Amino acid sequence: MIRDAVREDLDQILELYLDLHEESIPDKDDDLMKTWDKIISDPDHHLIVYELDGKIVSSCVEVIIPNLTRYARPYAFIENVVTAKEHRGKGYASQCLAYARELAIRSNCYKIMLLTGSKDPATHRFYQYAGFNANDKTAYVMWL
């Protein structure tokens, strides 16, 4: 089942992020809980999860961003696309991205942007297969 995350999903999402790039599950301190509350309560912040037999096995984050150009149509930004290692290659992340696309269409977005830090050609093929291209924009990142 694909859906937006709910408050009770936090522990499973933090565990899933170990297969993204995290090295440990963070403590549920005040800062983390405030951030979680902010994410869950923001109608433009979608933490999309794919649940299989009661376990979250894939996820992505999509944020709808208001915009003054393009006839004031918003755009969407996707990050943190991840599938648990033992569930990769089964189409779960593709379904998360398709769900994100539908949310963006319903929000009247004019585009969706996605960044990946992966240099793996298979990852790039995956995103291209999902409908993204690497030709229209150049991304720059400044780490803080």
Side-chain angles (χ1 to χ4, degrees), residues 1-67 70 73-144:
M1 168 177 45
I2 192 152
R3 60 179 173 79
D4 276 274
V6 295
R7 188 168 306 282
E8 296 76 27
D9 292 329
L10 177 60
D11 290 335
Q12 287 194 57
I13 291 166
L14 293 175
E15 184 177 330
L16 179 62
Y17 283 171
L18 292 173
D19 285 328
L20 182 62
H21 50 63
E22 297 300 313
E23 295 180 12
S24 64
I25 296 174
D27 293 331
K28 287 199 265 182
D29 61 15
D30 285 343
D31 288 338
L32 186 131
M33 296 311 296
K34 285 177 188 174
T35 300
W36 181 238
D37 287 340
K38 193 173 182 179
I39 289 168
I40 288 297
S41 64
D42 183 347
D44 289 327
H45 195 139
H46 301 274
L47 206 160
I48 298 163
V49 297
Y50 188 99
E51 182 181 345
L52 180 68
D53 299 326
K55 178 138 175 87
I56 294 171
V57 297
S58 189
S59 179
C60 71
V61 172
E62 179 178 55
V63 180
I64 308 298
I65 302 168
N67 181 41
R70 307 286 180 157
R73 291 177 64 194
Y75 58 93
F77 184 77
I78 294 177
E79 263 284 0
N80 297 338
V81 180
V82 60
T83 300
K85 287 179 184 170
E86 64 273 16
H87 293 283
R88 290 182 182 164
K90 299 176 183 174
Y92 303 139
S94 294
Q95 291 183 53
C96 287
L97 292 175
Y99 184 87
R101 182 180 184 276
E102 291 305 313
L103 288 173
I105 290 169
R106 279 190 259 152
S107 296
N108 196 33
C109 292
Y110 78 94
K111 71 177 176 183
I112 303 172
M113 293 186 295
L114 178 149
L115 293 176
T116 181
S118 175
K119 305 297 182 212
D120 184 348
T123 301
H124 292 245
R125 283 192 301 275
F126 165 71
Y127 289 129
Q128 290 168 349
Y129 178 78
F132 294 88
N133 76 73
N135 302 320
D136 293 341
K137 294 271 186 176
T138 301
Y140 292 89
V141 175
M142 179 186 291
W143 295 101
L144 305 175

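Treat the numbers as computed from the prediction; the structure is a model and nothing was measured.
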Report yes if some heavy atom in the side chain of [X] is under 4.5 Å from a heavy atom in the side chain of [Y]; otherwise report no.
X: Leu10; Y: Lys28; value: yes
X: Thr123; Y: Thr116; value: yes
X: Leu114; Y: Leu97; value: yes
X: Asp9; Y: Arg3; value: yes
X: Arg101; Y: Ile105; value: yes
X: Asn80; Y: Tyr17; value: yes
X: Val49; Y: Ile2; value: no
X: Lys90; Y: Val57; value: no

Side chain to side chain contact (heavy atoms under 4.5 Å, CB included) for Met33 and Lys38? Distances and angles first, verdict last. CA-CA 8 Å; Met33 296 311 296; Lys38 193 173 182 179; over 6 Å; no

Roughly how far apart are [X] [atom1] and [Y] [atom2], rounded to 0.5 Å?
X: Asp29; Y: Lys34; atom1: CG; atom2: NZ; answer: 9.5 Å
X: His87; Y: Leu52; atom1: NE2; atom2: CG; answer: 6.0 Å
X: Ile48; Y: Ser59; atom1: CD1; atom2: OG; answer: 7.5 Å
X: Ile65; Y: Cys109; atom1: CD1; atom2: SG; answer: 8.5 Å
X: Asp11; Y: Leu16; atom1: CG; atom2: CG; answer: 12.5 Å
X: Ile13; Y: Ile25; atom1: CD1; atom2: CD1; answer: 12.0 Å

Treating Asn67 as the side-chain partner and Arg73 as the backbone partner, does any N or O pair qualify as donor plus acceptor under 3.5 Å? yes

Looking only at atom types and distance, does a side-chain atom of Gln12 sit under 3.5 Å from a main-chain N or O of Ile56, one as donor and one as acceptor? yes

What's the shortest heavy-atom distance between Asp120 and Ala122, and which atoms? OD1-N, 2.9 Å

Measure across Ala104 and Glu62 and return the closest heavy-atom pair with its distance rounded to 0.1 Å. CB-OE2, 3.7 Å

Would you say CG of Asp27 has more than 12 non-hydrogen atoms from neighbouring residues, nucleotides or ligands within 6.0 angstrom? no

Can you tell me which residue pairs pass the ring pair (Phe, Tyr, Trp, His ring centres under 6.0 Å) test with a partner in residues 32-62, sequence neighbours excluded? Tyr50-Tyr92

The complete set of ring pair (Phe, Tyr, Trp, His ring centres under 6.0 Å) pairs with one or both residues in residues 119-144, sequence neighbours excluded, reads none

Would Asp4 and Leu47 count as a side chain to side chain contact (heavy atoms under 4.5 Å, CB included) here? Give the steps. CA-CA 6 Å; Asp4 276 274; Leu47 206 160; 6.0 Å; no

Determine, for Asp136 against Lys111, whether the closest basic-nitrogen to carboxylate-oxygen distance falls under 4.0 angstrom. no

Applying side chain to side chain contact (heavy atoms under 4.5 Å, CB included) to Leu103 and Arg106, what does each step give before you reach the verdict? CA-CA 5 Å; Leu103 288 173; Arg106 279 190 259 152; 3.8 Å; yes

Does the side chain to side chain contact (heavy atoms under 4.5 Å, CB included) test come out yes or no for Leu18 and Leu20, once each step is laid out? CA-CA 5 Å; Leu18 292 173; Leu20 182 62; over 6 Å; no

Sorted by chain and residue number, the side-chain contact (heavy atoms from CB on, under 4.5 Å) partners of Lys85 (sequence neighbours excluded) come out as Asp19, Arg88

